[in-house]
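Encoded as structure tokens, the structure appears first; notes follow it.
Below, each value reflects all heavy atoms present in this structure, side chains not excepted, and no hydrogens, waters or symmetry copies.
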Amino acid sequence: MAVRWLCSLFGKPFDGGKRMDHGSQQQQQHPAMIRLYEVQREVQSLGPQVCTFSGLKNEREYRRLERELTRLLLEVDQVDTEGRADLQGARKRAAQEVEGLLRYLEENATHPSRLAIEELSREAQGLVEQGVVEPQRAGGTAEISDELVDAVQELILRLTQVKTGGRVPLRKARYRALTRLCAVQDVIEGRTRQQTLPLSEDTHVAVQRINQVMMQVSGARSQLVALLMGLSGRDSCAHLSRVLTELLVELDALDVSGNAAVRNYRKQVVEEINGLLKHLDLEGEGDDTRRYDLAQNDSIRQIEAVRGRVGQLRGEVLRHCGVGDLFRPKPELQSLLTHLDQVDTARNPCIREARRRAVLEVQAVITFLDLREALICRQPGSNEPPQHRAVWMVLGSLSDLQAQVLCFNGKRADKSYILLEELLTKQLLALDAVDPQGDEMTKVARKQAVKFAQNILSYLDMKTDEWEY
């Protein structure tokens, strides 16, 4: 089974008749064949480790795997085939398997996307160290600025846009980087959203200790951020988890009966500690394939099912428009939006982005139908201002262009993409040339038309950005 799996991994056809375990009894007992069997078992053991390794070439695990595979390759090369063609063929196939694993290991560790993930991770480390860790180490309190929150959000978005090409190690590396950065985002945003204010120590005898715990929690927050971003060489998640758990036990032992304000104060501090604890189980977070191979994720499957149905409805809408009819599946489209809103993203930025894009696909069909209906029902009066009529003429052109955008499935380098982009830009220029001459209705109509044209351009751009979850 493992041999078949390894063959499928490297795209080699499996031919049982040529495998080492299908030879004659005499061949199987040959010392050379026995040694090749032993090598094959070691390769099968190392294969899953290689195929899920998501690190870089300078890491200890990479060097260990490379060393083990190189040793196996040398051992295969040293097998004496005594000039027999069958043993030479078996040795060649064994060498190819080991070489394939070595090649796969190096390709993933040096892949441009893996290096991009590492670069973004280092950029995030620099931001967090300067904005959170250094002030805390200096004995002060880190002031979380809006600029820091926005910068972290921008890095998360850039990480979601790193292409993995479906490679498991790259998906795993991206997921690990994302989970840690999202945890940091949650910690610093939580700090800016809510600040538990200390009570006066005269309120209750337990308040002094609760205030002391609060100070420790503040330090633990910066320590947690440092751990998540790999900026703390001495501490570990397990140690910080023990410290926070001990604080919870101590808070639970405090007698705050009879004082609702102190009881509520303790509850808030406990909630803050629990909020930090939930981020301390990330050590093995990337080991579950379902976490980073989102094709297996239930939320992604729901989103893809919605996208499939939207594609069918879009095709029906465009087909009816082609024959001068108007197919109106808006109730079903609205229900699909409701379904997407209920999809659990589990704070995974890739799932959030997948849902956002699916929502835009549904909304694009709805806005297309709305404009078509408005154009069909439009009954201009004889006294309609020329500038208002000009806006409607542009909207008519935009509706035709949007139909082409909806059915476009090409790439940005395609001539049809370039043409659509130019035509949409021309419509924006035509709207810019419309002079409302003080007419409020024309101003509003032109503003809406501009927004509509920009949305079509954005949708066209989204369809061709080659994003992957």
What are the two closest non-hydrogen atoms of Tyr104 and Arg167, and how far apart are they?
CE1-NH1, 4.0 Å

Contact between Val317 and Pro329 at the side-chain level, heavy atoms closer than 4.5 Å - yes or no?
yes

Closest heavy-atom pair, Val162 versus Arg174, reported as atoms and distance to 0.1 Å, is O-NH1, 2.9 Å

Can you tell me how far apart NE2 (His30) and CG (Leu36) are? Round to the nearest 0.5 Å.
10.0 Å

Salt-bridge criterion met for Lys57 and Glu66 (N-O under 4.0 Å):
no

Can you spot which of Leu244, Val269, Leu248 makes a side chain to side chain contact (heavy atoms under 4.5 Å, CB included) with Asn274?
Leu248

State whether Arg122 and Glu118 are salt-bridged, where the test is any N-O pair (Lys NZ or Arg NE/NH1/NH2 against Asp/Glu carboxylate O) under 4.0 Å.
yes

Could you verify whether a donor N or O on one side chain and an acceptor N or O on the other, from Asn108 and Arg114, lie under 3.5 Å apart?
no

Would you give the length of the straight line joining atom CG of Leu101 to atom CD of Glu68, rounded to the nearest 0.5 angstrom?
12.5 Å

Got a salt bridge between Asp400 and Arg372, using NZ or NE/NH1/NH2 to carboxylate O under 4.0 Å?
yes

Which pair of heavy atoms, one from Ala95 and one from Leu73, lies closest together, and at what distance?
O-CD1, 3.8 Å

Under 3.5 Å, is there a donor-acceptor pair between the side chain of Asp341 and the main chain of Leu337?
no

List the steps, then state whether salt bridge (Lys or Arg N to Asp or Glu O under 4.0 Å) holds for Glu353 with Arg356.
CA-CA 5 Å; Glu353 177 65 9; Arg356 184 189 73 84; 2.8 Å; yes

Hey, could you give me the CG/CZ distance between Asp414 and Phe408, rounded to the nearest 0.5 Å?
5.0 Å

Distance col, row Met229:CE vs Gln125:CD, nearest 0.5 angstrom, shows 5.5 Å

Is there side-chain contact between Val168 and Cys51, with heavy atoms separated by less than 4.5 Å?
no

Regarding Arg158 and Gln161, do their side chains bring together a donor and an acceptor under 3.5 Å, going by distance alone?
no

Do the charged groups of Glu316 and Arg319 touch, with an N to O distance under 4.0 Å?
yes

Glu97 side chain to Gln40 side chain, donor-acceptor N/O pair below 3.5 angstrom:
no

How close do Ile418 and Ala413 get, heavy atom to heavy atom, and via which atoms?
CD1-O, 4.2 Å

From Leu69 CG over to Arg64 CZ, what is the distance, rounded to the nearest 0.5 angstrom?
9.0 Å

Please assess Thr345 against Ser299 for the test side-chain contact (heavy atoms from CB on, under 4.5 Å), listing each intermediate value before the final yes or no.
CA-CA 7 Å; Thr345 64; Ser299 295; over 6 Å; no

Can you name the closest pair of heavy atoms from Arg91 and Val76 and give their distance?
CD-O, 3.1 Å

Is a donor on one side and an acceptor on the other found under 3.5 Å between the side chain of Thr338 and the backbone of Gln334?
yes

Have Arg93 and Gln96 got a donor and an acceptor in their side chains that come within less than 3.5 Å?
no

Got Phe452 and Gln402 here, is their nearest side-chain heavy-atom distance under 4.5 Å?
yes

Check: Ala177 main-chain N/O paired with Ser121 side-chain donor or acceptor under 3.5 Å:
no

Is there a donor-acceptor contact under 3.5 Å from the side chain of Arg412 to the main chain of Asp461?
yes

Whether Lys330 side chain and Ile366 backbone form a donor-acceptor pair below 3.5 Å:
no

Salt-bridge present (Glu42, Arg71; N to O < 4.0 Å):
yes

Flag the pair Arg221 / Glu272 as yes when at least one side-chain heavy-atom distance between them is below 4.5 Å, and no otherwise.
yes

Distance in Å, Arg180 CZ paired with Leu228 CG, rounded so as to fall on 0.5 Å steps:
7.5 Å

